[in-house]
Amino acid sequence: MEPIERIELATQFAGEKVAPVTSGDLAQPTPCSDFDVRALLNHMIGGLGMLTTAARGDKATIPEGDQFGEDPGESYAERRRALLAALREPGVFDRNWEMPFGSMAGQMMGAIAFMEHLTHGWDV
């Protein structure tokens, strides 16, 4: 399976878990002890933005503040679409991605994106 296919499936799974989240859920705990639902969604949705920036060839920065508005599911879906579009560009996995924590091989970042969204989808 190609990296984009794995990421597409993992983010689809995560998006299905994020879609029904409401404002009343945001203070709930998650299995990831570092995050309540709000913090987890900020991590996931902000992470999609960082990945998209790096996949496009720009230097990603750590996002600040809430990464979603009234509808976290729609925010996730919008950022997911942007990431998948960036991943479809030729050679995206063949070059380094400039992440806030350093320069990383595109193939490695593809694996990280897959695992992050598969794992945190479950955490939601």
Side-chain angles (χ1 to χ4, degrees):
M1 183 180 292
E2 294 295 317
I4 189 169
E5 293 172 296
R6 287 192 303 272
I7 295 166
E8 191 166 24
L9 290 171
T11 56
Q12 177 183 344
F13 167 76
E16 290 168 358
K17 303 305 178 193
V18 173
V21 172
T22 67
S23 60
D25 300 320
L26 297 177
Q28 295 296 316
T30 71
C32 187
S33 61
D34 292 339
F35 298 129
D36 62 9
V37 172
R38 175 187 298 278
L40 181 62
L41 293 180
N42 280 320
H43 175 73
M44 292 171 69
I45 296 168
L48 287 170
M50 284 193 313
L51 290 166
T52 301
T53 298
R56 289 178 177 157
D58 296 321
K59 171 106 170 108
T61 59
I62 296 174
E64 296 182 15
D66 278 341
Q67 300 298 301
F68 58 91
E70 293 289 317
D71 186 349
E74 182 54 32
S75 296
Y76 187 93
E78 287 173 13
R79 297 237 182 133
R80 176 182 184 260
R81 285 189 294 271
L83 174 61
L84 294 175
L87 296 179
R88 288 186 177 93
E89 292 299 316
V92 71
F93 293 108
D94 298 330
R95 60 175 171 71
N96 280 9
W97 294 16
E98 301 305 319
M99 300 300 293
F101 44 84
S103 184
M104 300 285 293
Q107 288 289 332
M108 176 62 78
M109 287 310 305
I112 290 171
F114 166 74
M115 288 305 301
E116 273 283 301
H117 289 273
L118 182 64
T119 301
H120 288 314
W122 182 84
D123 288 338
V124 175

Quick one: which residue pairs count as a ring pair (Phe, Tyr, Trp, His ring centres under 6.0 Å) with a foot in residues 6-33, not counting sequence neighbours?
-> none

So which pairs with a foot in residues 56-92 pass ring pair (Phe, Tyr, Trp, His ring centres under 6.0 Å), sequence neighbours left out?
-> Tyr76-His117

Would you name the heavy atoms of [X] and [Y] that are closest together and state the gap between them?
X	Y	value
Val92	Leu87	CG1-O, 3.2 Å
Pro29	Val37	O-CG2, 4.3 Å
Val124	Val18	CG2-CG2, 4.2 Å
Ile45	Pro72	CD1-O, 3.7 Å
Met44	Ala14	CE-CB, 3.7 Å
Gln67	Ser75	O-CB, 4.1 Å

List in chain and number order the residues that pass side-chain hydrogen bond (donor to acceptor under 3.5 Å, both in side chains) with [X], two or more places apart in sequence or in another chain; answer none if no residue qualifies.
X	answer
Gln12	Glu16
Asp123	His120
Asp66	Arg38, Asn42
Asp71	none

Would you say that [X] contacts [Y] through its side chain, given a criterion of any heavy-atom pair below 4.5 Å between the two side chains?
X	Y	value
Met50	Pro63	yes
Phe35	Leu41	no
Glu116	His43	yes

Please check if Leu83 and Met1 belong to a single hydrophobic cluster, counting links between Ile, Leu, Val, Met, Phe, Trp and Tyr side chain heavy atoms closer than 4.5 Å.
-> no

Where at least one partner belongs to residues 22-34, residue pairs that pass salt bridge (Lys or Arg N to Asp or Glu O under 4.0 Å), sequence neighbours excluded | none

Salt bridge (Lys or Arg N to Asp or Glu O under 4.0 Å) pairs touching residues 88-112, sequence neighbours excluded, are Glu8-Arg88

Return the set of residues passing side chain to side chain contact (heavy atoms under 4.5 Å, CB included) with [X] (not counting sequence neighbours), or none when no residue passes.
X	result
Met108	Met104, Ala105, Ile112
Ala111	none
Ala77	Glu74, Arg81
Ala86	Thr52, Ala55, Arg56

Heavy-atom donor-acceptor pair, Trp97 side chain to Gly110 backbone, under 3.5 Å = no

Would you confirm whether Lys59, through its side chain, and Ala54, through its main-chain N or O, come within 3.5 Å as a donor-acceptor pair?
-> no

Rounded distance (nearest 0.5 Å) linking atom [atom1] of [X] with atom [atom2] of [Y]:
X	Y	atom1	atom2	value
Arg80	Leu48	CZ	CG	9.0 Å
Asn96	Gln107	CG	CD	11.5 Å
Ile4	Leu9	CD1	CG	10.5 Å

